[in-house]
Structures are given as C-alpha cells and as structure tokens.
Protein chains: 2
Amino acid sequence: MLSGATEDYLKTIFSLTRDSGRAGTKDIATKLGVSQASVTGYLQRLAGAELPLIDYRKREGAALTEEGRRKALRVIRNHRLLETFLHRMLGFSWDRVHDEACRLEHVISAEFEEKLDALLGYPTHDPHGDPIPGRDLDMPINSRIALAELEPGEEAVVDRVSDSDPELLSYLGKHAILPGTRLTVKAVSPFDRNMKLCVEKKRGTIVLGPLVTRQIFVERNA
Amino acid sequence: MLSGATEDYLKTIFSLTRDSGRAGTKDIATKLGVSQASVTGYLQRLAGAELPLIDYRKREGAALTEEGRRKALRVIRNHRLLETFLHRMLGFSWDRVHDEACRLEHVISAEFEEKLDALLGYPTHDPHGDPIPGRDLDMPINSRIALAELEPGEEAVVDRVSDSDPELLSYLGKHAILPGTRLTVKAVSPFDRNMKLCVEKKRGTIVLGPLVTRQIFVERNA
DNA sequence: CAATGTACTTAGGATAGACTAACTTCGCTG
DNA sequence: CAGCGAAGTTAGTCTATCCTAAGTACATTG
C-alpha cells in the first residue's frame, strides 16, 4: 500500500505535468507546502524503488511512470468521488469539500470507492466541474479556456472552477457562478483586465478581476 | 490534533478499562498488534504531555483522564457512525465495516461527523448493536450478559455481537443471528458448553460452541 | 524463602518524512 | 565571459512510531 505522502506527491506531479512535460522540484514543494530539500529526497526515494512510480532526473524534475499515472488517477478518482458525495449527500458547501476529501482519499478501500460510485449514480464531474476518472481510469478532457481569454460580446458556459481557493469558491457560489452557468462578456477594461459579466438570468452584472477570471474555465457558446 | 496512533491507544485503553479499572501494557499491546516495549514508551509519552490524556503508573498500567475519555468517546462515536453509514447507505456487509471504519475514523472532521449523524437520522446503535455515543458523548449502557450464561429454557433477544472477528460475524449473519433476533436456549451440553438454540421464526435450530456464545450479548426476555 | 514465570521496563536502533544550512548548476545579463 | 540569482542538491538533524534484546519486579509455589 502507498502512504498518504506518496499519494500526495503522485497527485501533485500528475497535475503539474498536464501542461509542462516534467514537474520541477520547486513547484512540487510549493504545491505540497514542504521544503524543496524534502521534495528532492522524496523523489529520489520514489524513483529508486523496486517498481518506480516516477522517472526522476537530477535538475530536470519528475514525470510519472505508467504505474505512477495509474496510482495518481486512482487517488484523483477517490478525491472527486468523495467531493461529490460530501456536496450532494452530506450537504457540504462546495468550498468545504476539498480539504475533507484530501484526508479521506488516502484511506478508502477499492470496495468503498466502487460502492460510493454506485450510490452516486456513477457521476462524471465533481462539484467544481472537474471530470471524475472512470473505473477504467479514463478521464475526459476538461476545458482549458480561461474566462479571462474571452473578448467582449462572447458568450460562454462555465465548465469548471479551480478548487484551490475556498474563499474564491465561496464568493463565486454567492454570485451563482457554477459549472453550467451561462455568462456573457459585456466589457473588458484595457489595463486591469477587469471583466464585466452578465450572469445568466440573474438580475444585474458582476465585475471580476483577472486573478478570478483566470481560475474559471469555460466552453465558448456553440 | 491527535495522531491516528494516539487515537488508537485511547480507544483501546477505553475498552480495556470498561471492566478492570486499568489497562495493562500487555493487553494494550495485544489489541493494537504492537510490542509491549512500544506500548510502554508510548504510554510514558502520552502521560508526560502538557495536557495528559492518560494517567500512567509504572507496572500498574494506564487509565484515561477526563480529557482522554472525551477524546476516546469522540473516536468511538466516529467509528460507530461510520460503521452505520457503511452498512446502511453503502451496503457493506456487517463483517466488513469494522476495518474500513478504523481507517476513516481518524480523518473525518467534526462537520463530517455532524452531517453524517443527521443524514443517518441520529442513530443510537451501530450494525453490531453497540451503542453510539451522542453529541454530548453520553453512551447508553449495553448488555453485559453473554449468551453463554443462559440456562436451558431461557429466552433472550440479541443485543449486540462482538465486532472483533469478521469470520464470526459473517457466520452469524448467515444464520440470522443479529441484534434484535429472538433466541430460545434448547439445551446446553454439560462438558463442552455447546448450546442448542432455536432462532426466532427460522426453521430449525443451531448449535454454537462457547467461543461463539461468549461473543454474543443478550437481554433476558422480559 | 528461594526459584520461577509473567508482566513490564530500559536501552539501543530502524524507518518515514520532514527541516535548515550550505553548496552546486546553469541560464541570463551586462 | 564574469557574476548573479533562481532552482536544485547534499549533509546533517529532528520527531513519531515502531522494533529487538536484555534486564527488572513481583506473585506464586514448592
């Protein structure tokens, strides 16, 4: 069995290698909240194991092996199933599910995972709109288009919202900006990139800064 | 926050001090599956903390302080709520809930505990019949009368079954011996203490040895 | 009351996972 | 191309939790 720490490293490397091909020591350290030296040590250990979960090269960072990728996806699947459960069945607000799921994801059995999946009706997306890998660990591709990239006049539907900042989630929730919400870009101020948005059928508009609009991912209106 | 190990020690000491006033090093070691030396060391550390959770005296074993008792009851509450959830909502069989709950009990938040309690409708007993401490950590007293103590002719209702052996639970489950099941003692063989029982409305009888009948606790028929 | 067995403790050490401090690499800039 | 800064590594520690081996305390029993 993998330790919780190992699972956290795998999850982090997985998400960092979505864009760049390799995850750097510093980025991993920042995401995990540990020192760079700790990361170097841990990566060396992981890469030197019998069945290595990562491929690590000095000063070039880490990438997941096929085995590592599978383990990472299993943890991500657990995490997102749990988030969905916490939100839908226990009534946790969507800004509180992340931390709880981060602790639970390391201790549930495969049997728990399967039964929870069934109880929830085999959900495909978690409360933030992130896709849930299936039992086969296939994961649908999610939108990579940040709201910040849209031009005035464009319409879009919110696909997902970064789950990293609870404060942000709470704020957006209050303004009904959730996966599925339809938005229209009314204006973008030239220097600060503030965006004036019309939110679906809701009365009025809202202005969001670029730190926010870069955390919201959308599908351009078909 | 307490570590999982500390919570396990507290839980174990709690259950061992139900009967005897103090928990001995050896019994704790056996229950936890660690060496006696580890237990001695751990108890010393726990007792020497700022706010000690246990009272430890050399060669006399450990007892919980009021604070330790409260923490122990919180863990037991988590454990039993989780067992109830696993059985009732996820459909785990009653012999599989214990191990899963043992891992989950250390990582759930107070918010999770409360919301789960509400979702389950504030249950008072877990699937084995053990009482669930309430939010105030009050715990109803459960039956201490082992089935093994009954005489031929007596009738009783199963109150709870020890959850320590999954094999036993599976076996008893197959024969419909669960909390609430009504039993009649038909005969007790004099030397081996085998007990011939009539199980409620079920066809036929069953013979159980003393290793089994000592794990089943009952209420004598009113 | 000495011998013995069981329960308990001490001493010394292992491992996982983290830290700080100090050093190395390397790309970029002037 | 020397120098600087950021990223990365090494070395040495620390804490939690466990271990084995060896010794101690105490009750029982001949």
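What you see is a predicted model; the values in this text were computed from it and never measured. Below, chain A is the first sequence line, B the second, and so on; all start at residue 1.
At a threshold of 4.0 angstrom between heavy atoms, the contacts of B:G41 with the nucleic acid are absent. At the heavy-atom level, B:T25 lies under 4.0 Å from the strands shown only through sugar-phosphate atoms. Across all strands, B:G61 comes closer than 4.0 Å to no nucleic acid atom at all (heavy-atom distances).
Each of C:dT9, D:dA16, C:dC19 was ranked by its minimum atom distance to the side chain of A:S38; first place goes to C:dC19. Out of D:dC18, D:dT9, D:dA16, the shortest distance to the side chain of B:V34 is found at D:dC18. Of all nucleotides listed (D:dC18, D:dT10, C:dA18), C:dA18 comes nearest to the side chain of A:Y42. Side-chain proximity of A:S35 to the nucleotides C:dC8, C:dT25, C:dT20 is greatest for C:dT20. Across D:dC18, D:dT9, C:dA7, the shortest atom-to-atom separation from the side chain of A:Q44 is found for D:dT9.
Between the CZ atom of B:R45 and the C1' atom of D:dT17 there is a distance of 7 Å, given to the nearest Å. Remark: C1' of D:dG8 and CG of A:L16 are 16 Å apart, rounded to the nearest angstrom. As a whole-Å value, the separation of A:E60 CD from D:dA6 C1' is 17 Å. Distance, A:K58 NZ to C:dT24 P: 12 Å, rounded to whole Å. Between the CD1 atom of A:I28 and the P atom of C:dA18 there is a distance of 12 Å, rounded to whole Å. B:R57 places its CZ atom 15 Å from the P atom of D:dC26, with the value rounded to the nearest Å. At whole-Å resolution of the value, NZ in B:K26 and P in D:dA25 are 20 Å apart. If you measure from atom CD of B:Q36 to atom P of D:dA22, you get 17 Å, rounded to the nearest angstrom.
Taking both residues in full, the closest heavy atoms of B:G209 and B:N194 are given as CA-OD1, 3.1 Å, listed atom of the first, atom of the second, then distance.
OP1 or OP2 of D:dT17 has at least one side-chain nitrogen or oxygen of B:S3 nearer than 4.0 Å. Contact annotation: B:Y9 side-chain N/O to D:dA16 OP1/OP2 distance is not under 4.0 Å.
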Output, in order, the C-alpha distance, side-chain angles, deciding distance and verdict of side-chain hydrogen bond (donor to acceptor under 3.5 Å, both in side chains) for B:H106 and B:D8.
CA-CA 9 Å; B:H106 306 299; B:D8 283 338; 3.0 Å; yes

Begin from the C-alpha positions of A:T12 and A:D27 and carry the test side-chain contact (heavy atoms from CB on, under 4.5 Å) through to its verdict.
CA-CA 9 Å; A:T12 302; A:D27 290 344; over 6 Å; no

For the pair A:S15 and A:K31, evaluate side-chain hydrogen bond (donor to acceptor under 3.5 Å, both in side chains) and give the outcome as yes or no after the intermediate values.
CA-CA 10 Å; A:S15 83; A:K31 265 222 176 194; 2.9 Å; yes

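You'll find the side chain of B:R96 stays beyond 4.5 Å of the side chain of B:H87, heavy atoms only.
Nearer the 5' end of DNA chain C, as judged by each residue's closest nucleotide, is the contact made by A:A5, out of A:R59 and A:A5.
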